[in-house]
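In listed order, ligands and their atoms are each counted from 1. What you see is a predicted model, and the numbers here were worked out from it, not measured in a lab.
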Amino acid sequence: HQRLSGRVAIITGAASGIGRATVELFAAEGASVVAVDLPGSAIATVHAGNPNVAALALNVTDADAPQKMVALALAQFGGLDILFNNAGIVPVSPVSAMPEDDWLRAFEVNVHAVMRTCRHAIPVMIERAKTTGRGRIINTGSILAHFADHSCGAYVSTKHAVAGLTKTIAKEVGRFGITANYLLPGAIETGMTAGLFSIPEVRAQWEQAAAVKRLGRPEDIARAALMLASDDADFITGHGLVVDGGVTV
Ligand code: NAD
């Protein structure tokens, strides 16, 4: 039994880490997936050979990125059921020394592109939901969507914004059978955190901070995304799902 059979998904940040793992899991569960990542990323090759995946190289902040993603989902797979806005960046600087470009860039990628993609996709998803009765929007927050950390002011602020945006969307689209939720990953081993977790003391600190005494894997988050995307989550909306192995408990 495949939990996403017949569903069409768009997943951004799909060339590595959490996005890549989610593309693989969703496709294995029967979904057709538009996998989006930057030109110059491995997106063209990483899912090559997977007949359920159409790769799309673009920057999610491009003016026409939402149109291109949704158009490919419609042209290649005939609809759109699941939108997973996962692409994100993490500039590091204390607020007292915040470069404005870092601040603005973080908002552009982590918030503005998410809003613009939702804005364009929602009418298409509502149209689809008239026959299927369902739709799923999943955005990637972070435990830093609810908490703070030093030197992450831009990131923390953008992820708090993702929480507010997602809850608002949940209120607006619920009557169509569409849910909107956001994930709050803890410390996950991906390209984003490779530098951080290569420092043995930092790694040990995060492992010890987790109730389960390990770092997260991209698959841990992909499985949570699958749960939210599946029919099991029909009555879950506007929710921030913490997937952190107990770091914030
Ligand atoms: P990652 O760096 O491995 O993957 C992110 C992907 O997004 C990369 O492939 C990158 O090329 C792509 N991307 C970045 N900017 C883009 C843009 N403008 N257009 C298109 N693609 C773009 O990192 P990850 O850890 O898998 O991160 C995925 C999401 O999870 C992010 O939103 C991140 O904030 C969030 N997150 C990660 C952690 C963690 O510990 N790794 C914790 C909490 C939240």
Side-chain angles (χ1 to χ4, degrees), residues 10-25 34-47 55-66 68-69 72 83-92 102 104-117 138-149 152 154-163 165-166 182-199 202-203 205-207 209-210 214-225 240-245 247-248:
I10 292 172
I11 300 178
T12 67
S16 77
I18 292 165
R20 177 181 179 167
T22 308
V23 171
E24 289 166 2
L25 183 60
V34 172
V36 180
D37 209 300
L38 288 168
S41 73
I43 198 64
T45 53
V46 84
H47 303 291
L56 181 59
L58 54 72
N59 190 322
V60 293
T61 67
D62 288 348
D64 58 356
K68 283 187 172 163
M69 291 185 233
L72 184 58
L83 172 61
F84 183 24
N85 288 298
N86 166 76
I89 56 170
V90 56
V92 176
D102 281 7
L104 292 173
R105 184 85 196 127
F107 271 86
E108 233 189 301
V109 177
N110 296 359
V111 186
H112 194 57
V114 174
M115 184 284 292
R116 294 180 70 251
T117 307
I138 305 168
N139 294 328
T140 302
S142 161
I143 50 175
L144 298 182
H146 290 177
F147 301 96
D149 201 356
C152 292
Y155 187 78
V156 168
S157 302
T158 61
K159 295 301 189 177
H160 276 66
V162 167
L165 174 67
T166 311
Y182 58 107
L183 291 164
L184 289 85
I188 316 300
E189 280 202 273
T190 67
M192 181 176 275
T193 53
L196 194 64
F197 296 140
S198 69
I199 306 165
V202 175
R203 190 187 178 83
Q205 202 182 341
W206 279 96
E207 285 171 348
R214 68 167 175 86
L215 297 177
R217 306 176 189 111
E219 298 72 30
D220 292 315
I221 309 304
R223 283 194 295 269
L241 180 61
V242 177
V243 190
D244 72 347
V247 166
T248 55

Considering heavy atoms of the protein only, find what lies nearest to atom 27 (O) of ligand 1 and give residue, atom and distance to 0.1 Å.
M192 CE, 4.0 Å
CD1 (I143) and NZ (K159) are apart, to the nearest 0.5 Å, by 12.0 Å
Can you name the salt bridge (Lys or Arg N to Asp or Glu O under 4.0 Å) partners of E219, sequence neighbours left out?
none
Atoms of ligand 1 less than 4.0 Å from G88 heavy atoms?
14 (C), 31 (C), 32 (O)
Taking 4.0 angstrom as the limit and counting only heavy atoms of T190, give me the atoms of ligand 1 inside it, by number and element.
3 (O), 23 (O), 24 (P), 25 (O), 26 (O), 41 (N)
Report the part of K159 in contact with ligand 1, treating N, CA, C, O as backbone and CB onward as side chain, heavy atoms under 4.0 Å; options are side chain, backbone, both, neither.
side chain
From M69 atom CE to L83 atom CG, the distance as rounded to the nearest 0.5 Å
7.5 Å
Tightest non-hydrogen contact, residues P39 and N59, listed as CD-N, 3.9 Å
Who pairs with R214 by salt bridge (Lys or Arg N to Asp or Glu O under 4.0 Å), at least two apart in sequence or on another chain?
D220
For atom 28 (C) of ligand 1, what is the nearest protein heavy atom, given as residue, atom name and distance?
N86 OD1, 3.3 Å
Indicate the atoms forming the closest heavy-atom contact of I89 with V109, along with that distance.
CD1-CG2, 3.9 Å
Counting non-hydrogen protein atoms only, what is the nearest one to atom 7 (O) of ligand 1? Give residue, atom name and distance.
G13 CA, 3.2 Å
Against heavy atoms of G17, which atoms of ligand 1 measure under 4.0 Å?
3 (O), 26 (O)
Approximate separation, where rounding is to 0.5 Å, of D244 CG and L183 CG:
12.0 Å
Evaluating non-hydrogen atoms only, which member of G141, A15, S16 is closest to atom 4 (O) of ligand 1?
S16
Closest heavy-atom approach to atom 19 (N) of ligand 1 among V60, L196, I89, V162 is made by V60
Looking at T140, which atoms of ligand 1 are within less than 4.0 Å of one of its heavy atoms?
29 (C), 30 (O), 32 (O), 35 (C)
To check your reading of the model: name the closest protein heavy atom to atom 11 (O) of ligand 1, its residue, and the distance in Å.
D37 OD1, 2.6 Å
Proximal candidate to atom 17 (C) of ligand 1 [heavy atom criterion; set N139, T158, V36, L38]
L38
Ligand 1 to I188 polar contact by distance, N or O atoms, under 3.5 Å:
yes
Starting at CG of N139, measure out to OG1 of T12 and round the result to the nearest 0.5 Å.
8.5 Å
Show the atoms of ligand 1 that are less than 4.0 angstrom away from any heavy atom in G186.
38 (C), 39 (C), 40 (O), 42 (C), 43 (C)
Taken to the nearest 0.5 Å, the spacing of L184 CG from T248 OG1 works out to 8.0 Å
Which residue owns the protein heavy atom closest to atom 26 (O) of ligand 1, what's the atom, and how far is it?
I18 N, 2.8 Å
Closest non-hydrogen contact found for F147 with H160 is O-CE1, 3.4 Å
From CA spacing to verdict: side-chain contact (heavy atoms from CB on, under 4.5 Å), T61, H112
CA-CA 8 Å; T61 67; H112 194 57; over 6 Å; no
Please list the nearest protein heavy atom to atom 18 (N) of ligand 1 with its residue and the distance rounded to 0.1 Å.
N59 OD1, 2.8 Å
Under 4.0 Å from one or more heavy atoms of G191, ligand 1 contributes atoms 3 (O)
Report the nearest protein non-hydrogen atom to atom 34 (O) of ligand 1: residue, atom name, distance rounded to 0.1 Å.
Y155 OH, 2.5 Å
Minimum heavy-atom separation for A161 and F107, please, with both atom names.
CB-CE2, 4.5 Å
Within this structure, what is the CZ-CD1 distance for the pair R20 and I18, rounded to the nearest 0.5 Å?
14.0 Å
Please verify whether a non-hydrogen atom of L58 lies at under 4.0 Å from ligand 1.
yes
Check if T193 has a non-hydrogen atom at a distance under 4.0 Å from any atom of ligand 1.
yes
What part of P185, side chain, backbone, both or neither, has a heavy atom within less than 4.0 angstrom of ligand 1?
both
Non-hydrogen atoms of E108 versus ligand 1: any pair closer than 4.0 Å?
no
